[in-house]
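Index from 1, following the sequence.
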Amino acid sequence: MYNDLQKRYIKEIKTNQEQNEAIKNLTIKIHELEHNLREQRQRIEQLERKKVSWKTSAVSGRSRTPEGEVTSRRDVSKKKESCCSEYLELLLKEIKKLKKENEKLSTERRALKNELAGLDKDFFEEIEDLKHAVQESVKLNNEYEKCLKQISVIYGLPFTAHL
C-alpha cells in the first residue's frame, strides 16, 4: 500500500509539474503573440496614415522627382497605393493567422487551467500527508536497518543492506 501511494504521489507530482510547465510556456507564447499583434496593428495604422497622406498629396497635382523631372502625382500615388494595398493584404493575412493561433493557444490554456482547477486543496493536503508518511517510513527503515546490523553482529551473520 505504501509503494502504491508513493507511486501515485510521484505520478501526480510529475503530472502537476508538466501541466505547470505547459501553462507557463503557453502563457509566454500568448504574450509573444499579443505583442506581435500590437506591433502589426501599429504597422497597419502607420500604413493607413501614409496612405491618407499619399491620397492628399495626389490631389495637389504635379511634383518634381529627385532628378528634377516633373511627374504627375496621380501616377506616383497609383504605384504607391498598389504596393501599399498588397502590403496591407499580406499584413491582414498575417494578423488573421496570428489571431487563429492566439485563439488556439487560449483555448488550450483554458483547458489546462480547468484541469488544474480539478486539483483541489484536499489533493495537495493528501500529498503533504503522503510526503510526511514517506519521511517517517524512511526514518523507521533506517532504525530497523541499525537493529538488523546489531543483531547480525551479535549472532555472527553477514549483513548486506539492500537498496
Gap between atom [atom2] of [Y] and atom [atom1] of [X] - 0.5 Å precision:
| X | Y | atom1 | atom2 | result |
| --- | --- | --- | --- | --- |
| Leu37 | Leu33 | CG | CG | 8.5 Å |
| Ile127 | Asn16 | CD1 | CG | 7.0 Å |
| Lys29 | Lys104 | NZ | NZ | 7.5 Å |
| Asn141 | Lys146 | CG | NZ | 12.5 Å |
| Gln40 | His35 | CD | NE2 | 10.0 Å |
| Ser106 | Lys99 | OG | NZ | 13.0 Å |

Using a strict threshold of under 4.0 Å (side-chain N to carboxylate O), is an ion pair present between Lys139 and Glu136?
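A salt bridge links Glu136 with Lys139.
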Pair Glu39 + Arg43, salt bridge at N-O below 4.0 Å:
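The answer is no: the pair does not qualify as a salt bridge.
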Begin from the C-alpha positions of Glu45 and Arg49 and carry the test salt bridge (Lys or Arg N to Asp or Glu O under 4.0 Å) through to its verdict.
CA-CA 6 Å; Glu45 289 174 9; Arg49 280 188 234 123; 3.6 Å; yes
Determine whether Leu90 and Leu92 fall in the same hydrophobic cluster, where Ile, Leu, Val, Met, Phe, Trp and Tyr are linked whenever their side-chain heavy atoms lie under 4.5 Å apart.
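Different clusters.
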Taking Tyr155 as the starting point, is it possible to reach Val153 by hopping between hydrophobic residues whose side chains are less than 4.5 Å apart?
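Hydrophobic grouping puts Val153 apart from Tyr155.
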Between Ile44 and Glu48, does a side-chain contact (heavy atoms from CB on, under 4.5 Å) hold up when you go through it step by step?
CA-CA 6 Å; Ile44 288 173; Glu48 286 176 347; 3.6 Å; yes
Would you please test Ile30 and Glu34 for side-chain contact (heavy atoms from CB on, under 4.5 Å) and show each step?
CA-CA 6 Å; Ile30 286 172; Glu34 288 173 346; 3.6 Å; yes
Can you list the steps and then say if Thr27 with Lys24 is a side-chain contact (heavy atoms from CB on, under 4.5 Å)?
CA-CA 5 Å; Thr27 303; Lys24 180 179 138 186; 5.8 Å; no
Taking the side chain as every heavy atom from C-beta outward, state whether [X] and [Y] have any atom pair closer than 4.5 Å.
| X | Y | answer |
| --- | --- | --- |
| Glu21 | Gln17 | no |
| Leu157 | Ile151 | no |
| Ile10 | Lys7 | no |

Is the closest side-chain donor-acceptor distance between His132 and Glu128 under 3.5 Å?
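Side-chain D/A pair, His132 to Glu128: absent.
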Among side-chain atoms of Gln19 and Glu115, is any donor-acceptor pair under 3.5 angstrom?
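On atom types as modelled, these side chains qualify, holding a pair under 3.5 Å.
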Where do Val134 and Gln6 come nearest, in terms of heavy atoms and distance?
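For Val134 and Gln6, the tightest heavy-atom pair comes out as CG1-NE2, 4.4 Å.
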